[in-house]
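Just so we're clear, the structure is a prediction, and the values are computed from it rather than from any experiment.
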Amino acid sequence: MKMSKLFVQTLREFPSDAEVVSHKMLGRAGFIKKLAPGVYTYMPLMWRVLKKVENIVREEMDRAGAQELLMPFVQPKELWEESGRWEVYGKELMRLKDRHDRDMCLGPTHEEIITAVTRDVLKSYKQLPVNLYQIQSKFRDEIRPRYGLLRGREFIMKDAYSFDIDEAGLDKEYQNMAQAYKKIFERCGLATKMVQSDSGAIGGSVSHEFMVITDTDAGENDVFYCNECDYSANSNHAISKLPPATVDGKEYFKEKKILDTPHTHSIEELSEFLKIPSTLILKSLIYIIDKKPVIALIRADKTVEETKLMNAAGGIDIRIATAGEIEELMQEKGFTAEAGFIGPNGMNGIKIIADETVYDMKNFVVGINQTDKHLVGANLEDVLTDEVIKADIRLVEAGELCPECGKPLFVTKGIEVGNIFKLGTKYSKPMNAVYTDINGQTHPYIMGCYGIGISRTAAAAVEAHHDEHGIKWPLAIAPYHAVIVPVNILDEQQMKVAEKIYSELLSAGVEVVLDDRDERAGVKFKDADLIGFPFRITAGKTLSEGLVECKVRATDEALKLTPDEAVKKIIDAVKEL
RNA sequence: CGGGAUGUAGCGCAGCUUGGUAGCGUACCUCGCUUGGGACGAGGGGGUCGCAGGUUCAAAUCCUGUCAUCCCGACCA
């Protein structure tokens with residue numbers, strides 16, 4: 001490819017709306033062009049990168065025994081009603097009507113479709129196991145798309161679905177996929193951590209995420225991990241052992257009584273007013289889960305993890321209650337308390353979920369739904385009834401102890417580039433997708449699903465590999481392997497050498513760009529760095545010694561080589577892929 | 001959905017307070033000069049100032065509405 005013909009425009013400045021490195025770099029270097037929030041055109045350079053990521057994914061999936069197919073992007077409502085997700089999925093599901101007023105949606109994921117496809121084909125245990133995958137655009141109408149390709153609304157995803165006759169088969173395939181994923185990300189030049197996670201709206205029991213660890217905002221997930229053993233988990237799923245704490249208030253409270261605690265709206269104010277550690281306060285929070293109020297109880301120095309709470313309540317949507325909703329609920333139950341004085345007592349008919357931390361507490365402080373008052377010296381029997389659900393709904397904090405080995409946990413940010421789920425019969429059962437076993441009995445398939453964000457993986461690679469001058473693409477997914485820069489295109493010798501190297505590389509199958517633009521060297525070097533070609537060969541002043549410069553973008557290493565040596569170096573590097 | 005901000009040339013921005021012929025940088029075109037880290041000079045093309053109303057002799061500028069985009073928040077009572 002001649003640079004003069006390459007469809008790309010690099011910018012002198014970063015796009016003003018970009019926040020994170022990958023968005024800034026990909027925008028400035030002309031890889032992507034925004035059409036609408038979270039919707040981008042992949043320009044030729046980007047598309048080359050994406051195709052490379054896709055092909056690595058394809059090769060490893062095929063090698064792992066999966067088969068590629070392609071399912072529709074526009075999907076009918078009926079299938080989503082079968083699985084029950086038409087109601088459940090919420091606004092993230094982009095819905096539309098066709099000309100006959102039929103409800104359709106844009107595919108955010110394909111469990112329904114693949115289940116509908118396989119149930120007509122996979123009838124016998126003899127046909128199982130099967131793993132099917134596709135690579136295509138998905139659409140999820142995110143509340144707030146941002147960070148460029150890291151959280152787009154339209155994005156490219158590889159989604160795979162496995163079908164087995166039993167849990168053992170699923171376990172095996174799950175491991176198989178985990179291995180394939182490890183290989184895929186390694187080949188893409190990305191170091192990933194496989195962490196335990198919540199299975200979210202997709203559903204199912206066990207799941208893991210593949211995280212690219214980053215210390216920037218681009219990592220939207222908190223990952224807790226142990227340095228002593230291999231425990232690691234997304235914050236929405238992490239568990240921990242707690243260090244010892246003061247949880248018995250007998251030194252502070254001789255007896256159970258109601259105390260005036262004026263203006264103690266926050267835990268901080270309350271613990272200061274009573275001169276007690278916050279570990280002696282039982283915090284009561286009101287959430288709205290699937291449109292119904294739920295009370296969450298937790299030791300006040302700890303934070304509720306909403307996903308855990310939602311799961312404990314068996315819900316699929318959660319948010320904290322508004323002041324207005326709290327007031328409404330209080331009125332309904334005959335109280336007048338403001339937020340800050342809420343407690344579980346008298347909340348009949350409301351689902352109450354208590355964190356495990358609550359069960360260790362003695363002689364503690366709790367709200368009793370009266371403004372400016374708290375009950376002190378209280379015990380479990382004063383606040384908990386049989387109805388209360390005990391669950392771990394606590395957000396882990398760094399410094400708490402590893403659930404497996406007891407050593408301190410650390411936290412870091414991660415970009416989720418892949419995930420694997422054990423679905424079990426979550427879709428096969430409601431959608432009546434069954435096979436017949438050796439005894440003639442029918443059973444729902446045991447399913448798994450496995451996703452990789454293709455476009456997000458490419459963006460994550462930029463997050464992981466760049467410097468202040470631009471992108472440092474890993475060779476395996478770079479849009480081109482190399483660029484050749486004749487410093488002055490009017491210099492016949494330089495052009496002759498450059499063109500010779502160009503044609504030799506081309507015929508060896510190297511993807512190479514010849515920067516034949518009538519620009520000064522600085523412009524070409526800046527663009528080469530920005531775009532991130534792994535190798536740059538410069539034909540310039542060193543030609544007087546019969547040498548060219550070969551610069552390695554990843555390391556900034558610059559070698560003076562003969563043209564033949566430079567060609568060989570690049571061909572060898574590409575061969576190793 | 002709540003809060004804040006911004007919409008002016010492909011990109012980045014000024015002008016708006018105090019209404020009076022739309023500017024700068026970059027990018028693009030032409031010529032000259034230059035050629036190892038985003039040179040320089042001269043000339044040139046490109047904008048219904050987000051959209052719709054209103055006020056006014058006159059609106060990018062003031063008023064009303066609307067649409068869009070970005071950021072923060074959606075949380076620990």
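Nearest-nucleotide assignment on RNA chain B puts the 5′-proximal partner with A/Phe14, out of A/Glu305 and A/Phe14. Nearest-nucleotide assignment on RNA chain B puts the 5′-proximal partner with A/Lys34, out of A/Glu268 and A/Lys34.
Remark: A/Phe410 engages A/Tyr225 in a ring pair (Phe, Tyr, Trp, His ring centres under 6.0 Å) (not counting sequence neighbours). Residues passing the ring pair (Phe, Tyr, Trp, His ring centres under 6.0 Å) test with A/Trp80 are A/Tyr89, sequence neighbours excluded. With sequence neighbours excluded, the residues forming a side-chain contact (heavy atoms from CB on, under 4.5 Å) with A/Val39 are A/Leu35, A/Ala36, A/Phe139, A/Arg153, A/Glu154, listed by chain and number. Here A/Phe341 pairs with A/His265, A/His374 under the ring pair (Phe, Tyr, Trp, His ring centres under 6.0 Å) rule; sequence neighbours left out. Remark: A/Leu11 engages A/Gln9, A/Arg28 in a side-chain contact (heavy atoms from CB on, under 4.5 Å) (not counting sequence neighbours).
Separating the C1' atom of B/rG2 from that of B/rG25 is a span of 38 Å, rounded to the nearest Å. Using P as the reference atom, B/rU8 and B/rG54 are 24 Å apart when rounded to the nearest Å. Taking atom C1' on both nucleotides, B/rU61 is separated from B/rG3 by 27 Å, rounded to a whole Å. Comparing the P positions of B/rG50 and B/rC13 gives an interatomic distance of 15 Å, to the nearest angstrom. Going from the C1' atom of B/rG23 to that of B/rG46 covers 14 Å, rounded to whole Å. Taking atom C1' on both nucleotides, B/rC57 is separated from B/rC62 by 16 Å, rounded to a whole Å. Between B/rG20 and B/rA59, the distance separating the two C1' atoms is 10 Å to the nearest Å. The separation of B/rA60 from B/rA9, taken at their C1' atoms, amounts to 14 Å, rounded to a whole angstrom.
The residues A/Glu565 and A/Lys569 are annotated as not salt-bridged, no charged nitrogen and carboxylate oxygen being separated by less than 4.0 angstrom. In summary, A/Asp527 and A/Arg536 do not engage in a salt bridge, as defined by a charged side-chain N under 4.0 Å from a carboxylate O. Between A/Arg151 and A/Glu142, at least one side-chain nitrogen of the basic residue sits less than 4.0 Å from a carboxylate oxygen of the acidic one, meeting the salt-bridge criterion. Ionic pairing of A/Lys302 and A/Glu400 is present here: one or more N-O contacts between side-chain nitrogen and carboxylate oxygen are shorter than 4.0 angstrom.
A straight line from NZ of A/Lys308 to C1' of B/rC76 spans 15 Å, rounded to a whole angstrom. One can place CD of A/Glu269 at 13 Å from P of B/rC76, the figure rounded to the nearest angstrom. Rounded to an integer number of Å, the gap from CD of A/Glu142 to P of B/rC70 is 13 Å. Regarding A/Glu13, its CD atom lies at a distance of 12 Å from the C1' atom of B/rC24, rounded to whole Å. In this structure, CD of A/Glu306 is placed 9 Å from C1' of B/rC76, rounded to the nearest angstrom. Here the P atom of nucleotide B/rU69 and the NE2 atom of A/His23 are 14 Å apart, to the nearest Å. Atom-to-atom, NZ of A/Lys33 to C1' of B/rG10 comes out at 7 Å; the value is rounded to the nearest Å. Residue A/Met43 contributes atom CE, which lies 12 Å from atom P of B/rC11 at whole-angstrom precision.
Look at B/rC24: its Watson-Crick or wobble partner, with both distances under 3.5 angstrom, is B/rG12. When both distances must be under 3.5 Å, the Watson-Crick or G-U wobble mate of B/rU18 does not exist. In this structure, B/rG41 forms a base pair with B/rC31, meeting either the Watson-Crick or the G-U wobble geometry with both donor-acceptor distances under 3.5 Å. Both distances falling under 3.5 Å, in either a Watson-Crick or a G-U wobble arrangement, place B/rG73 opposite B/rC1. In a base pair of the Watson-Crick type (N1 to N3 plus N6-O4 or O6-N4) or a G-U wobble (N1-O2 and O6-N3), with each distance short of 3.5 Å, B/rG65 is matched with B/rC51.
Near-neighbour residues of RNA chain B inside residues 280-288 of chain A, defined by a heavy atom below 4.0 Å, number-ordered: A/Lys283, A/Ser284, A/Leu285, A/Ile286. RNA chain B lies under 4.0 Å from no heavy atom of any residue of residues 364-375 of chain A. RNA chain B is contacted by no residue of residues 559-568 of chain A, taking any non-hydrogen atom closer than 4.0 Å.
Screening residues 15-48 of chain A for ring pair (Phe, Tyr, Trp, His ring centres under 6.0 Å) gives A/His23-A/Tyr40, A/Phe31-A/Trp473 as the qualifying pairs, with residues at least two apart or on separate chains. A salt bridge (charged side-chain N to carboxylate O under 4.0 Å, His left out) check over residues 367-381 of chain A, counting only residues at least two apart or in different chains, returns the pairs A/Asp260-A/Lys373.
At the heavy-atom level, A/Ile326 lies under 4.0 Å from base atoms of the strands shown.
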Side chains of residues 343-355 of chain A: which donor-acceptor pairs under 3.5 Å do they make with residues two or more places apart or in other chains?
residue	atom	partner	partner atom	Å
A/Asn345	ND2	A/Asp382	O	3.1
A/Lys351	NZ	A/Ala313	O	3.1
A/Asp355	OD1	A/Ile393	N	2.7
A/Asp355	OD1	A/Arg394	N	3.3
A/Asp355	OD2	A/Thr357	N	3.0
A/Asp355	OD2	A/Thr357	OG1	2.6

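A/Ser207 and A/Ser197 share a side-chain donor-acceptor pair at under 3.5 Å. Checked by atom type, the side-chain pair A/Asn363/A/Asn379 shows a donor-acceptor distance below 3.5 Å.
If you run side chain to side chain contact (heavy atoms under 4.5 Å, CB included) between A/Val366 and each of A/Val376, A/Leu280, A/Ile281, A/Leu282, only A/Leu282 comes through. Tested against A/Met25, the residues A/Val20, A/Ile531, A/Ile471 include a single side chain to side chain contact (heavy atoms under 4.5 Å, CB included) partner, A/Ile471.
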Expected rows: protein N/O vs nucleotides 35-42 of chain B N/O, under 3.5 Å:
residue	atom	partner	partner atom	Å
B/rG36	O2'	A/Lys541	NZ	3.3
B/rG36	N7	A/Lys541	N	3.0
B/rG36	O6	A/Gly540	N	3.4
B/rG36	O6	A/Lys541	N	3.1
B/rG36	N2	A/Glu549	OE1	3.2
B/rG36	N2	A/Glu549	OE2	2.8
B/rG37	O6	A/Arg536	NH1	3.0
B/rG37	O6	A/Arg536	NH2	3.0
B/rG37	O6	A/Lys551	NZ	3.1
B/rG37	N1	A/Asp529	OD2	3.0
B/rG37	N2	A/Asp529	OD2	2.3
B/rG38	O2'	A/Arg12	NH1	3.4
B/rG38	O2'	A/Arg12	NH2	2.4
B/rG38	O6	A/Arg28	NH2	2.8
B/rG38	N1	A/Asp527	OD1	3.3
B/rG38	N2	A/Asp527	OD1	3.3

